[in-house]
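Keep in mind that this is a model prediction, so the values were computed, not measured.
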Amino acid sequence: MIPRYSRPEMTAIWSPESRFRIWFEIEAHATEERGELGVGPPCGAKALWDWWQTNPVIDVAAIDAKEAVLKHDVIAFLDWVAEQVGPEARFMHQGMTSSDVLDTTLSVQLARASDLLIADIDALLAAIKRLV
């Protein structure tokens, strides 16, 4: 996005940190569901959510550096998370494809961006009504 033409709220939705946060939540929810279904241990999701509760800083530069070596964005992210969380992170992404994460993330971002645009349109319509 071109910063001078973009509002901070919209830029934030499409930022790498936001994208990685959504990736994490998708992975953690899937890990949790596998535990509830009995096809994965509950300790995997617990470790992920415990780390998430610390409101971690997402090190975009470190993830990007891993991607430069690994040549795969999702694997670089998973590797970085595993370094933060520990051995229980190995239960993430089981039974998933990268497209599961990427496509779902895009859907979340589009929904958030749409909500922002709809709120703006509502505000614009209210302003127009006041002028008329």
Side-chain angles (χ1 to χ4, degrees):
M1 300 189 122
I2 301 170
R4 71 174 176 237
Y5 299 123
S6 304
R7 294 179 315 139
E9 300 89 350
M10 187 63 78
T11 301
I13 291 169
W14 299 100
S15 72
E17 181 177 348
S18 178
R19 183 179 71 245
F20 290 138
R21 286 186 173 283
I22 297 166
W23 285 10
F24 177 84
E25 290 183 5
I26 292 165
E27 293 283 1
H29 282 296
T31 303
E32 183 175 41
E33 187 63 27
R34 281 191 304 279
E36 291 175 6
L37 292 171
V39 294
C43 68
K46 182 179 179 339
L48 293 171
W49 289 122
D50 286 350
W51 174 70
W52 196 242
Q53 290 300 314
T54 68
N55 195 26
V57 173
I58 306 298
D59 191 343
V60 174
I63 298 167
D64 288 347
K66 286 182 175 294
E67 182 181 354
V69 172
L70 297 170
K71 307 293 186 213
H72 196 287
D73 52 355
V74 175
I75 292 173
F77 172 76
L78 294 170
D79 190 56
W80 179 82
V81 171
E83 289 175 356
Q84 313 309 306
V85 173
E88 289 86 2
R90 72 184 179 278
F91 300 110
M92 280 192 341
H93 204 70
Q94 291 182 359
M96 297 175 70
T97 67
S98 296
S99 292
D100 293 331
V101 177
L102 299 176
D103 294 349
T104 305
T105 298
L106 179 59
S107 295
V108 170
Q109 289 174 302
L110 288 169
R112 290 178 182 173
S114 296
D115 289 344
L116 185 60
L117 292 173
I118 290 168
D120 289 345
I121 290 170
D122 289 343
L124 175 62
L125 289 173
I128 291 170
K129 285 179 184 177
R130 283 193 302 272
L131 293 174
V132 180

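Partners of Glu9 under the salt bridge (charged side-chain N to carboxylate O under 4.0 Å, His left out) rule, at least two apart in sequence or in another chain, do not exist in this structure. Not counting sequence neighbours, the partners of Asp50 by the salt bridge (charged side-chain N to carboxylate O under 4.0 Å, His left out) test are Lys46. Among residues two or more places apart in sequence or in another chain, the side-chain hydrogen bond (donor to acceptor under 3.5 Å, both in side chains) test is passed with Arg21 by Glu17. Take Thr104 and apply the side-chain contact (heavy atoms from CB on, under 4.5 Å) test, not counting sequence neighbours, and it matches Ile26. Scored by the salt bridge (charged side-chain N to carboxylate O under 4.0 Å, His left out) test, Glu83 finds Lys66 as partners (sequence neighbours excluded). Here Ser107 pairs with nothing under the side-chain contact (heavy atoms from CB on, under 4.5 Å) rule; sequence neighbours left out. Asp100 pairs by the salt bridge (charged side-chain N to carboxylate O under 4.0 Å, His left out) definition with nothing, not counting sequence neighbours. With sequence neighbours excluded, the residues satisfying ring-ring contact (aromatic ring centres under 6.0 Å, His included) with His29 are Trp49. Shown here are the side-chain contact (heavy atoms from CB on, under 4.5 Å) partners of Arg4, two or more places apart in sequence or in another chain: Ile2.
Under the 4.5 Å side-chain contact rule for hydrophobic residues, Leu48 and Met96 share a cluster. Both Val60 and Phe24 are part of a single hydrophobic cluster, where members link through side-chain heavy atoms under 4.5 Å apart.
Side chain of Thr105 to main chain of Val101: a donor-acceptor pair is present (N/O by atom type, distance under 3.5 Å, no hydrogens or angles). Panel note: side chain Gln109, backbone Ile13; a donor-acceptor pair is recorded below 3.5 Å.
Contact check for Pro41 versus Arg34: no side-chain heavy atoms found under the 4.5 Å cut-off. Residues Leu78 and Trp23 form no side-chain contact, since every pair of their non-hydrogen atoms from C-beta on lies 4.5 Å or further apart. Contact check for Ile63 versus Ile58: side-chain heavy atoms found under the 4.5 Å cut-off. When side chains are defined from C-beta on, Thr54 does not count as touching Gln84, because their heavy atoms never get closer than 4.5 Å. Counting heavy atoms from C-beta on, the side chains of Val81 and Glu27 never come closer than 4.5 Å. Contact of the Glu67 side chain with the Phe77 side chain is not registered, since no non-hydrogen atoms from C-beta on lie closer than 4.5 Å.
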Practice prompt. Before giving the answer on side-chain contact (heavy atoms from CB on, under 4.5 Å), spell out for Asp73 and Leu102 the whole-Å C-alpha distance, their side-chain angles and the decisive distance to 0.1 Å.
Written response: CA-CA 10 Å; Asp73 52 355; Leu102 299 176; 4.0 Å; yes
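Of all heavy-atom pairs spanning Ala82 and Ala89, the tightest one is CA-CB, 3.6 Å. For the residue pair Ala45 and Thr31, the shortest heavy atom distance occurs at N-CG2, 3.6 Å. Ala12 approaches Ser18 most closely through the heavy-atom pair O-CB, 3.1 Å.
Between the CE atom in Met92 and the CZ atom in Arg90 there is a gap of 12.5 Å [rounded to 0.5 Å]. One distance of note links OG of Ser99 with CG of Leu106; it measures 11.5 Å at 0.5 Å rounding. How far OH of Tyr5 is from OG1 of Thr11: 13.5 Å, rounded to the nearest 0.5 Å.
Other residues sharing the hydrophobic cluster of Val39, ordered by chain and number and joined by side-chain separations under 4.5 Å: Leu37.
The ring-ring contact (aromatic ring centres under 6.0 Å, His included) contacts involving residues 79-118 comprise Trp51-Trp80, where partners must be two or more places apart or lie in separate chains.
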Taking only distance into account, with no hydrogens and no angle test, what donor-acceptor pairs under 3.5 Å do side-chain atoms of residues 116-132 form with protein atoms, sequence neighbours excluded?
| residue | atom | partner | partner atom | Å |
| --- | --- | --- | --- | --- |
| Asp120 | OD1 | Arg7 | NH1 | 3.4 |
| Asp120 | OD2 | Arg7 | NH1 | 3.0 |
| Asp120 | OD2 | Arg7 | NH2 | 2.4 |

